[in-house]
Participant: 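Got a structure for you, questions after.
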Amino acid sequence: MSAPLLAIEGLTKRFGGLTAVKELTMHVEAGSISSLIGPNGAGKSTVFNVITGIYVPTAGDIKLGGASIVGRKPHQVAAAGIMRTFQNIRLFAFMTVLENVMVGEQTRMHATPLDSALRTPRAQREERAVSERALELLDFVGLSAQSEQWARNLPYGMQRRLEIARALAPNPRVLLLDEPAAGANPVEKRELMALVRAIRDRGVTVVLIEHDMKLVMGISDRVTVLDYGEKISEGDPQSVRRDPRVIEAYLGKGA
Amino acid sequence: MDARVRLPLGLGEVAVWQALGLLAIVALFALYPVIDRNIGHVSAVADAGYFLLLVFGLNIVVGFAGLLDLGYAAFFAIGAYTYAMVASTQFNLHLNFWPMLIGSACVAALFGVILGFPTLRLRGDYLAIVTLGFGEIVPQVFLNLDKYTGGPNGISNVDQPVFFGHAFGFNPVPYYYLYLVVALISLVLLNNLRRSRLGRAWMAIREDELAATHMGVNPVTTKLLAFAMGASFAGLAGCIYAAKLTLISPDEFNFSVSVTILSAIVLGGMGSLLGAFIGGLLLALLNFMVLPQVTNWTHALGTALHNEAIQNADLHYIIYGLILVLVMLFRPEGLISNASRRAELHHGQPATSAAAAGVE
């Protein structure tokens, strides 16, 4: 087996006396779809927040393509190729849909403030290329008709897809999706599954946190289950589904 | 569909009537000193120039990047004192005005970074308090460093610009054109910046700083650039202001200046460049031309009625305050604004993503 693209090794995160994540090891293969599941408060979002640099881990290491990214700031993690969405959608409300995606392309751009102020040919060329790419991504998630609207005016489902397009903008190596199906109806969930597969087919490795088991079992190559910050099970969807510890964590001890 | 034309300098595409209107406005400004031969009026409109530059600069910080700065007049003071100290009898330095125009902007920008660094983690109310303090400290420093700044008397006999052998003197017309040229160039540059990598980074920080950093926006450089570029406009304005007035003192840069600049931005429509321009121009003309006239009228009325109370009444700031209150009551989104913000402020719909605070 080749080296994993994203390797979480013995990750521990403590907040004072509370251990949110305890000695988690998780390997994500390039080109795969992995899921992180677990009951509420299991520490899933904390894992994402540590990966993306909001929190510094108490112990352990996170490697992207073999290089440690621990200690990097969120914008440096983004530049390294890890982009994310948020559990509670965080778009730039008073910017257009297109501008939202273009913000995502920051790390690919080279225009200096002087270039931009003077609109040098170089800056104009880059600006054109970036907006074309953003439009292509909007088309990919099915929002090309809304490109000039304010992000806040989009209905909920479209806001979720816009957040995904924005995260895809710099062509990341890894995309972290934090509960992308929250609040979605069955039709939207099916569309989302197709979208996640299409993202994987573009060469982006996907890690998702999700509560909807049908969705998780339907698209994941590998599932990791957290409970109280500890990994209690890991494997392909079928084996995880049958794991007694997983059933116990979700349903409580059988009577 | 009406015909559209493409404007030069990256100003975008507008309908023909809009382009013609824009041309007429620029022509009106260009010809104003020729049309109105009243030197007092031209001087007042020229003074609107420095105010407009201040509004442009603060609009970067507050309007684009969403960093509430209540001490912006400090940078205006720094720009004015920078030029006055090196181009007057104070130290008998008499440096040339034109390079110092850039020099003052750079010094102000440097102080923008100095203010920016310790406040990087602050937002909203907290940032407002720190900048308020900065705005109070700077004039106090100029007041008390009397060895260098002339203390409460300030610096007099500031050198006036000379343009290819043509001395500006006390004639407001050349200052008027200098402000006009600088303001027009600023408008074009700012309009370009607004729709660029940096402009989008500023707005993203304003809308949701945490999300912005996760999208690859470096919050440190982005905010420092906002503070520095915002301050540089105040430096420019201060330099021309000192040269036109030839006399500056610390009490001209107090809190009310910062607040007036901020109210021009709110009046015009937060974040909108056109709004900043119109808000700044309206407030400046109101304060420099229209309202001083009101005081003359009340004085004349009081004299005619032999009523000392009316004679001494200064209605200037009462009317000014009343106008601000009325605008905020009936047009809280400002004079120029987008439709969605109008809807929010008039119908009280909560913002969606930007309001969600904290990370789980």
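Convention: sequence-line order gives letters A, B, ...; per-chain numbering from 1.
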Participant: Kindly compute the distance separating CG (A/Asn49) from CG (B/Leu210), expressed to the nearest 0.5 Å.
Facilitator: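 Separation between the atoms: 8.0 Å.
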Participant: What do you reckon, is CZ of B/Arg123 surrounded by more than 12 foreign heavy atoms closer than 6.0 Å?
Facilitator: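 Yes - once you tally the heavy atoms of other residues, nucleotides and ligands closer than 6.0 Å, there are more than 12.
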Participant: CE of A/Met95 to CD of B/Glu207: how many Å apart, nearest 0.5 Å?
Facilitator: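 Here the rounded value is 7.0 Å.
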Participant: Between B/Ala204 and A/Val103, what is the shortest heavy-atom contact and its length?
Facilitator: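 Nearest pair, atom of B/Ala204 first, then A/Val103: CB-CG1, 3.9 Å.
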Participant: Taking atom CZ of A/Arg122 as the centre, does the number of heavy atoms from other residues, nucleotides or ligands within less than 6.0 Å exceed 12?
Facilitator: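 Atom CZ in A/Arg122 is not crowded, with 12 or fewer foreign heavy atoms closer than 6.0 Å.
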Participant: Is B/Arg200 salt-bridged to A/Glu127, going by a charged N under 4.0 Å from an acidic O?
Facilitator: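 Counted as a salt bridge, because a side-chain N and a carboxylate O are separated by less than 4.0 Å.
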Participant: Taking the side chain as C-beta and beyond, is there a heavy-atom pair between A/Leu91 and B/Asp208 under 4.5 Å?
Facilitator: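 Contact flag for A/Leu91/B/Asp208 side chains = no.
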Participant: Does the pair A/Phe94 and B/Arg206 meet the rule for a side-chain contact (heavy atoms from CB on, under 4.5 Å), with working shown?
Facilitator: CA-CA 9 Å; A/Phe94 284 107; B/Arg206 176 190 73 198; 4.2 Å; yes
Participant: Just checking A/Phe140: does its CZ atom have more than 12 heavy atoms from other residues, nucleotides or ligands closer to it than 6.0 angstrom?
Facilitator: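 Yes, enclosed.
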Participant: For atom NZ of A/Lys22, is the number of surrounding heavy atoms from other residues, nucleotides or ligands below 6.0 Å larger than 12?
Facilitator: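 No, NZ of A/Lys22 has 12 or fewer neighbouring heavy atoms, counting only those of other groups under 6.0 Å.
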Participant: Heavy-atom distance under 4.5 Å to chain B: side chain of A/Val77, backbone, both or neither?
Facilitator: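 Answer is neither: A/Val77 stays 4.5 Å or more from chain B.
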Participant: Enter the distance from B/Ser196:OG to A/Met109:CE here, rounded to the nearest 0.5 Å.
Facilitator: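 These two atoms lie 7.5 Å from each other.
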Participant: Looking at chain B, which one of A/Pro113, A/Ala117, A/Pro170, A/Ala78 has the largest number of heavy-atom pairs inside 4.5 Å, strictly under?
Facilitator: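 Looking at each of A/Pro113, A/Ala117, A/Pro170, A/Ala78 in turn, A/Ala117 comes out on top.
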Participant: If you measure from CG on B/Asn192 to OG1 on A/Thr120, what distance do you get to the nearest 0.5 Å?
Facilitator: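 Here the interatomic distance stands at 10.0 Å.
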Participant: Non-hydrogen contacts under 4.5 angstrom with chain A: give the residues of residues 211-225 of chain B involved, or none if there are none.
Facilitator: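 If one takes a 4.5 Å heavy-atom cut-off, the residues of residues 211-225 of chain B near chain A are B/Ala211, B/Ala212, B/Thr213, B/His214, B/Met215, B/Gly216, B/Val217, B/Asn218, B/Pro219, B/Leu225.
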Participant: Heavy-atom count around B/Tyr126 OH within 6.0 Å, excluding the residue itself: above 12?
Facilitator: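 No, because the 6.0 Å sphere around OH of B/Tyr126 holds 12 heavy atoms or fewer from other groups.
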Participant: Who wins among A/Ser116, A/Ala169, A/Ala167 for the most heavy-atom pairs under 4.5 Å with chain B?
Facilitator: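 Max contact count across the listed options: A/Ser116.
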Participant: Name the member of B/Val188, B/Leu189, B/Asn191, B/Leu198 that forms the most heavy-atom pairs with chain A at distances under 4.5 Å.
Facilitator: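 Among the listed options, the one with the most contacts to chain A is B/Leu189.
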Participant: Are there residues of residues 109-120 of chain B that reach to under 4.5 Å of chain A by heavy atoms, and which ones?
Facilitator: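 Interface residues of residues 109-120 of chain B: none, nothing closer than 4.5 Å to chain A.
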